[in-house]
Amino acid sequence: YALPGIIDAHSHIGMWEDGMGFEGSDGNEATDPLTPQMRGLDGLNPQDRCFEEALAAGVTCAATGPGSANVIGGQFLLIKTRPGPLRGRVVQEPLALKIAFGENPKRVYDKKGRVPSTRMGTAALLRQALVNAQTYTHRMAGPEDKRPDRDLSKEALAQALAGTLMVKAHAHRADDILTALRVGEEFGLRLSLEHCTEGYLIPDELLQAQTARGTPVILGPLLSERSKIELRNLSFAAPGKLHACGIRFALMTDHPVIPIQYLLVCAIIAHREGLPERAALACVTRDAAWAVGHADTLGTLAPGKAADLALYDAHPLDARARVKAVYVDGEQVAG
């Protein structure tokens, strides 16, 4: 069996390295709730052994970047898992700007006695940062002698406001998902909904956003514990329910929450719990490529696309199947 290279649409591979603790933890600059200028590329270890494990499991590409400690965490990138020089592995950098709603930023900054300590504070900080970036953009377009000093934070936000930079919105709970959609619509952001754990509880709103604005859903991690209150409605039935409502989505691991090599295992369980076979394969290949904005080059086996694929000795949705060979850009790199 041949399958297009699996794509993890949301991970932190290379940002939190296995077994290293603080020394390998470079995904959250949790000293300021607004850090759009942080680039995941600068915190990435391309020698992280998890890239090799991903490749051996048929995962050929991953979106990776900052975590969700901050309201605005920084910039994601899209990278091939193949070995070799980093320059030749980066597909797009920056890929997206990471923002976060819900428990994580309020928990981190409440401990520090700083805003945000509530969901209201998170949304307010985000809105003000976007408004400031709008003002900055307007002034930078004015007379040269009246332009402000360059501000990397506002430049990143300006890209998001212009629609040239996707915005990955971390939101588990239904109310946080709705807040993300509301802010995204207010500012015309090219949004994708990350995690979307309770999205199956508000399918009409998701479908409307997807129909009107093409908003992707990147669902997961599902193969994990309910480690916080906002995960109380975590369910492997969610993929099947979203599909039944006509909502297009990708699955993610949130590596290292789920080790990236088990992304296909998540699709297998989702299939067992009601997601049709073709949809289960698509949500880690074709629809994952679409969710990260690279449907034109990745995610399917077609002329003109990157020759990323894996060969299996049994049907890929058979948990006993083994990867026999992996190709990236037409070159065999594993097996």
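Basis for what follows: all heavy atoms, side chains included, without hydrogens, waters or symmetry-related copies. No experiment lies behind these values; they were computed from the predicted model shown. One is the number of the first residue; the rest follow in order along the sequence.
In the displayed structure, Arg322 atom CZ is contacted under 6.0 Å by at most 12 heavy atoms of other residues, nucleotides or ligands. Atom CD of Glu205 is surrounded by more than 12 heavy atoms from other residues, nucleotides or ligands within 6.0 Å. Few gaps surround CD on Gln332; more than 12 heavy atoms of other groups in view lie less than 6.0 Å from it. Heavy atoms from other residues, nucleotides or ligands lying under 6.0 Å from CZ of Arg114 number more than 12. Heavy atoms of other residues, nucleotides or ligands lying less than 6.0 angstrom from CD of Gln92 number more than 12.
Here the closest non-hydrogen pair linking Met15 and Pro66 is CE-N, 4.2 Å. Ala100 and Pro105 get closest at one heavy-atom pair: O-CG, 3.7 Å. Closest non-hydrogen pair, Leu77 versus Gly40, comes out as CD2-C, 3.8 Å. Closest heavy-atom contact between Val108 and Lys112: O-CG, 3.5 Å.
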For this session: Apply salt bridge (charged side-chain N to carboxylate O under 4.0 Å, His left out) to Glu186 and Arg127, showing your working.
Result: CA-CA 9 Å; Glu186 287 173 20; Arg127 283 191 176 96; 2.8 Å; yes

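Between Thr253 atom OG1 and His12 atom NE2 the span is 8.5 Å, to the nearest 0.5 Å. Atoms CG and OG1, on Leu207 and Thr215 in that order, are 11.0 Å from each other to the nearest 0.5 Å. A distance of 7.0 Å separates CG of Leu222 from OG1 of Thr197, quoted to the nearest 0.5 Å. From Tyr327, atom OH reaches atom CG of Asp308 across 12.5 Å, with rounding to the nearest 0.5 Å. Between the CZ atom in Arg278 and the CG atom in Leu317 there is a gap of 10.5 Å [rounded to 0.5 Å]. The CZ atom of Phe76 sits 9.0 Å away from atom OG of Ser192, with the distance rounded to the nearest 0.5 Å.
Contacts of Ser153 classified as side-chain contact (heavy atoms from CB on, under 4.5 Å), with partners at least two apart in sequence or in another chain: Pro36, Gln37, Asp151. Residues meeting the ring pair (Phe, Tyr, Trp, His ring centres under 6.0 Å) test with Phe236, sequence neighbours left out: none. Under the side chain to side chain donor-acceptor pair (under 3.5 Å) criterion, Thr285 pairs with no residue, sequence neighbours left out. With sequence neighbours excluded, the residues that form a side-chain contact (heavy atoms from CB on, under 4.5 Å) with Ser235 are Tyr200, Ala237. Applying the ring pair (Phe, Tyr, Trp, His ring centres under 6.0 Å) criterion to His255, with sequence neighbours excluded, gives no partner residue. Scanning for side-chain contact (heavy atoms from CB on, under 4.5 Å) contacts around Ala244 gives an empty result, with sequence neighbours left out.
A continuous path of Ile, Leu, Val, Met, Phe, Trp and Tyr side chains, each step under 4.5 Å between heavy atoms, connects Leu34 with Leu191, placing both in one hydrophobic cluster. Cluster annotation: Met252 and Ile99 are assigned to distinct hydrophobic clusters (Ile/Leu/Val/Met/Phe/Trp/Tyr, side-chain heavy-atom contacts under 4.5 Å, transitive). Both Val284 and Ile79 are members of a single hydrophobic cluster when ILVMFWY side chains are connected at heavy-atom separations under 4.5 Å. The hydrophobic cluster containing Trp290 does not contain Ile6, counting ILVMFWY residues as joined when their side-chain heavy atoms lie under 4.5 angstrom apart, directly or transitively. Cluster annotation: Phe51 and Leu95 are assigned to distinct hydrophobic clusters (Ile/Leu/Val/Met/Phe/Trp/Tyr, side-chain heavy-atom contacts under 4.5 Å, transitive).
Contacts classified as side chain to side chain donor-acceptor pair (under 3.5 Å) and involving residues 239-250 (residues at least two apart or in different chains) are given here: Arg248-Asp287. Legend: salt bridge (charged side-chain N to carboxylate O under 4.0 Å, His left out) pairs involving residues 215-233, not counting sequence neighbours, sorted by first then second residue: Arg119-Glu230, Lys228-Glu230. Evaluation of the salt bridge (charged side-chain N to carboxylate O under 4.0 Å, His left out) test over residues 157-168, restricted to residues two or more places apart or in two chains, returns Lys168-Glu194.
No side-chain donor-acceptor contact under 3.5 Å links Gln210 to the backbone of Ile247. Side-chain atoms of Lys98 never come within 3.5 Å of backbone atoms of His170 as a donor-acceptor pair (strictly under, hydrogens ignored). At least one donor-acceptor pair closer than 3.5 Å links the side chain of Arg190 to the backbone N or O of Gly163. A donor-acceptor pair is defined here as one N or O able to donate and one able to accept, closer than 3.5 Å; no such pair exists between the side chain of Asp48 and the backbone of Glu17. A donor-acceptor pair under 3.5 Å is absent between the side-chain atoms of His195 and the main chain of Ala171, judged by distance alone. Judged purely by atom type and a 3.5 angstrom limit, Tyr109 uses its side chain to pair as donor or acceptor with the backbone of Asp32. With hydrogens and angles ignored, the 3.5 Å screen pairs a side-chain donor or acceptor of Thr135 with a backbone N or O of Val131. Formation of a donor-acceptor pair under 3.5 Å by the Thr35 side chain with backbone atoms of Gly73 is found in this model. Under the 3.5 Å distance criterion, the side-chain polar atoms of Ser11 are matched with a main-chain donor or acceptor of Ala63. A donor-acceptor pair is defined here as one N or O able to donate and one able to accept, closer than 3.5 Å; such a pair exists between the side chain of Asn28 and the backbone of Ala69.
When side chains are defined from C-beta on, Arg173 does not count as touching Phe101, because their heavy atoms never get closer than 4.5 Å. The side-chain heavy atoms of Tyr136 and Glu155, taken from C-beta on, include a pair separated by under 4.5 Å. Between Pro4 and Leu281 there is no side-chain heavy-atom pair separated by less than 4.5 Å. Using a 4.5 Å cut-off on side-chain heavy atoms (C-beta onward), Cys61 and His294 make no contact. Glu198 has its side chain out of reach of His172: every pair of non-hydrogen atoms, C-beta onward, lies at least 4.5 Å apart. Considering only heavy atoms from C-beta on, Leu157 comes within 4.5 Å of Leu97 through its side chain. The side-chain heavy atoms of Cys196 and Ile218, taken from C-beta on, include no pair separated by under 4.5 Å. Pro203 has its side chain out of reach of Leu206: every pair of non-hydrogen atoms, C-beta onward, lies at least 4.5 Å apart.
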Would you be so kind as to tabulate the donor-acceptor pairs closer than 3.5 Å made by side chains of residues 140-148, with sequence neighbours excluded?
from   : atom 1 : to     : atom 2 : distance (Å)
Arg147 : NE     : Met140 : O      : 3.0
Arg147 : NE     : Gly142 : O      : 3.0
Arg147 : NH2    : Gly142 : O      : 3.4

Which pairs would a plain distance check flag for residues 256-277, meaning a side-chain donor or acceptor within less than 3.5 Å of a matching protein atom at least two apart in sequence or in another chain?
from   : atom 1 : to     : atom 2 : distance (Å)
His271 : ND1    : Leu275 : O      : 2.7
Glu277 : OE2    : His315 : NE2    : 3.2

Distance-only check: which donor-acceptor pairs under 3.5 Å involve side-chain atoms of residues 82-91, not counting sequence neighbours?
from  : atom 1 : to     : atom 2 : distance (Å)
Arg82 : NH1    : Val328 : O      : 3.4
Arg82 : NH2    : Glu331 : OE1    : 2.6
Arg89 : NE     : Lys80  : O      : 3.3
Arg89 : NE     : Arg82  : O      : 2.8
Arg89 : NH1    : Pro46  : O      : 3.1

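In the model, Thr300 has a side-chain atom that pairs as donor or acceptor with a side-chain atom of Lys305 under 3.5 Å. Judged by distance alone, the side chains of Gln128 and Asn132 do bring a donor and an acceptor atom under 3.5 Å apart. For the residue pair Tyr1/Asp313, the side-chain donor-acceptor check at 3.5 Å is not satisfied.
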